[in-house]
Protein chains: 2
Amino acid sequence: MHRLMASLSAPSEYSDTERTIFDAALQVFAREGRTGARMQGIADAADINKAMLHYYFRDKRTLYEDVFAYTVRQFMASFDISLTEAPTFAETLRVFIDGYVDFVRTHDAAMRLMVQENLAGGTLLGEHMREATNTDRTPPSILVNTIEDAVEAGEIRPVDPHHTVLTVISTCLYFFVARPTVQILHPPAERDWDAFVEERKDHLFDLIYRGLAPRD
Amino acid sequence: MHRLMASLSAPSEYSDTERTIFDAALQVFAREGRTGARMQGIADAADINKAMLHYYFRDKRTLYEDVFAYTVRQFMASFDISLTEAPTFAETLRVFIDGYVDFVRTHDAAMRLMVQENLAGGTLLGEHMREATNTDRTPPSILVNTIEDAVEAGEIRPVDPHHTVLTVISTCLYFFVARPTVQILHPPAERDWDAFVEERKDHLFDLIYRGLAPRD
DNA sequence: GGCTGGTTCAACCATTTGGTTAAACCATAC
DNA sequence: GTATGGTTTAACCAAATGGTTGAACCAGCC
């Protein structure tokens with residue numbers, strides 16, 4: 001179904017050393033931020049000499065942009081990956097929520113990078129988004145289409161598909177962003193985060209699907 | 001209704017100079033991040049000498065913590081402020097969504113600080129959250145109670161109030177976090193953001209209220 | 001063996017950055 | 001007027017940080 005399971009992190013055309021550096025950089029950038037990250041810290045995380053970073057990736061900016069560009073590609077692909085056409089819209093939605101939540105859970109560092117870049121104003125986002133997007137039609141739009149189709153088929157009431165997609169993404173994503181706050185305010189999420197995530201999938205599907213149901 | 005309209009930024013016990021510094025620091029920290037922000041940049045934004053920063057706020061860490069502590073207090077208070085008991089749960093929800101979205105819109109810098117601190121691991125969050133919280137019962141819990149009451153009164157179906165509150169917060173907040181992405185992927189939001197925000201209030205209320213409605 | 005090319009390393013450099021200091025400024029009180 | 005105490009400034013400092021360099025290392029190849 002999901003092809004050969006793309007690497008969780010570094011692009012495949014990299015050598016071992018490059019891959020090690022790339023993975024370390026992703027983690028450090030995600031944790032410390034674009035400016036907070038130190039080249040020495042990345043070198044330590046990759047267990048190599050600091051000069052090696054500059055040998056394989058010209059400078060900090062280049063390293064960051066390579067990491068970020070790959071992250072954007074991963075994120076765009078996540079929509080494709082999570083969306084499987086199922087017989088009913090209900091099933092399609094359920095599978096998407098499960099898939100997308102799992103994607104975010106297993107790509108924590110990538111998610112943090114994306115959010116950070118958004119908070120920073122999104123200048124880099126624009127460039128790399130277009131690059132990762134204009135090959136085929138932009139990934140989120142296939143989700144929009146799915147909802148449009150469901151509306152036309154009468155499976156759900158008429159709703160703005162863009163807002164609906166944004167709502168689904170928000171609810172699947174934000175609780176990972178605010179995980180520390182959630183865990184402070186809701187002890188069960190602190191005691192067993194994975195169980196909380198599973199609960200959340202159920203809750204989200206119930207709420208959103210009923211919210212979209214036709215009639216009233 | 002909302003008391004005397006608390007200042008949008010600096011605490012009231014500050015002198016003019018302190019207030020100027022505080023406001024500048026909030027903006028710069030929110031834009032550049034905790035580590036990305038430069039003391040010189042804050043001084044420039046406040047149009048004062050760099051040494052003044054250290055005169056009024058001991059060092060960068062102190063300045064940041066003062067700004068952040070105030071931000072946490074503001075955010076906790078935002079729940080109280082946005083929540084007005086109305087005759088029906090539908091009205092209460094509508095008013096809360098409107099109020100909370102408006103709060104986030106008008107407190108952009110504060111929102112960014114909160115999200116950044118969450119992404120950074122939330123160590124500081126824990127301390128300041130407790131401080132801003134343990135005086136009276138924690139603000140989000142009054143929202144949880146509101147939902148519990150509505151369930152008991154049969155106004156909405158039985159749902160987990162914690163997940164429901166988290167869902168409301170997510171949908172009201174996340175589109176501000178991801179604003180650059182949203183604007184790239186959805187041109188109308190780029191052309192007229194304020195109109196998009198208003199649309200979103202309607203969409204969110206419709207979706208969530210129907211999602212919570214009893215029966216099926 | 002010795003040449004060649006990519007790779008690895010320790011030491012080094014220039015700049016940036018957070019933070020200090022000592023003197024100057026300026027209002028108010030005496 | 002001048003002494004006092006908070007305020008403001010320019011110059012300065014030490015540490016941290018991104019980035020460089022020249023030599024050493026180490027395959028494979030003639």
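Since the structure is predicted, the reported quantities are computational estimates derived from the model, not experimental observations. Sequence lines set the chain letters: A, B, ... in the order given, protein chains first and strands last, and positions in each chain run from 1.
- At whole-Å resolution of the value, NE2 in His54(A) and P in dT8(C) are 15 Å apart.
- Ion pairing between Asp44(A) and Arg38(A) fails under the 4.0 Å rule for side-chain N and carboxylate O.
- Taking 4.0 Å as the cut-off between side-chain N and carboxylate O, Arg112(A) and Asp108(A) count as a salt-bridged pair.
- Nearest-nucleotide assignment on DNA chain C puts the 5′-proximal partner with Tyr55(A), out of Lys50(A) and Tyr55(A).
- The CE-P distance, from Met52(A) to dC26(D), rounds to 14 Å in whole Å.
- Distance from the side chain of Ala51(A) is smallest to dA10(C) among dT20(C), dA10(C), dG18(D).
- A salt bridge links Arg94(B) with Asp98(B); the closest basic N to acidic carboxylate O contact falls under 4.0 Å.
- Summarising the geometry, the separation between OH on Tyr64(B) and P on dG18(C) is reported as 15 Å, rounded to the nearest angstrom.
- Between Ile48(B) and Asn49(A), it is Ile48(B) whose nearest contact on DNA chain D lies nearer the 5' terminus.
- For the pair Ile42(A) CD1 and dT17(D) C1', the interatomic distance rounds to 12 Å; values are reported in whole Å.
- Note on Arg58(B) versus Glu65(B): no salt bridge recorded, every NZ/NE/NH1/NH2 to OD/OE distance being 4.0 Å or above.
- Within the nucleic acid shown, Tyr56(A) comes within 4.0 Å of sugar-phosphate atoms alone, with no base atom in reach, counting heavy atoms only.
- Between the CD atom of Gln40(A) and the C1' atom of dA15(D) there is a distance of 15 Å, given to the nearest Å.
- Taking atom NZ of Lys60(B) as the reference point, atom P of dT20(C) lies 14 Å away to the nearest angstrom.
- One interatomic measurement links the two molecules: CD of Glu18(A) to C1' of dT8(C), which rounds to 15 Å at whole-angstrom precision.
- Ala37(A) comes within contact range of the sugar-phosphate backbone alone, with a heavy-atom separation under 4.0 Å but no base atom that close.
- A side-chain N or O of Thr62(B) and one of Asp59(B) form a donor-acceptor pair less than 3.5 Å apart.
- Following rounding to the nearest Å, Arg34(B) (CZ) and dG18(C) (P) show an atom-to-atom distance of 14 Å.
- At the heavy-atom level, Asp59(B) lies under 4.0 Å from the strands shown only through sugar-phosphate atoms.
- For Arg38(B), a side-chain nitrogen or oxygen approaches OP1 or OP2 of dG18(C) to under 4.0 Å.
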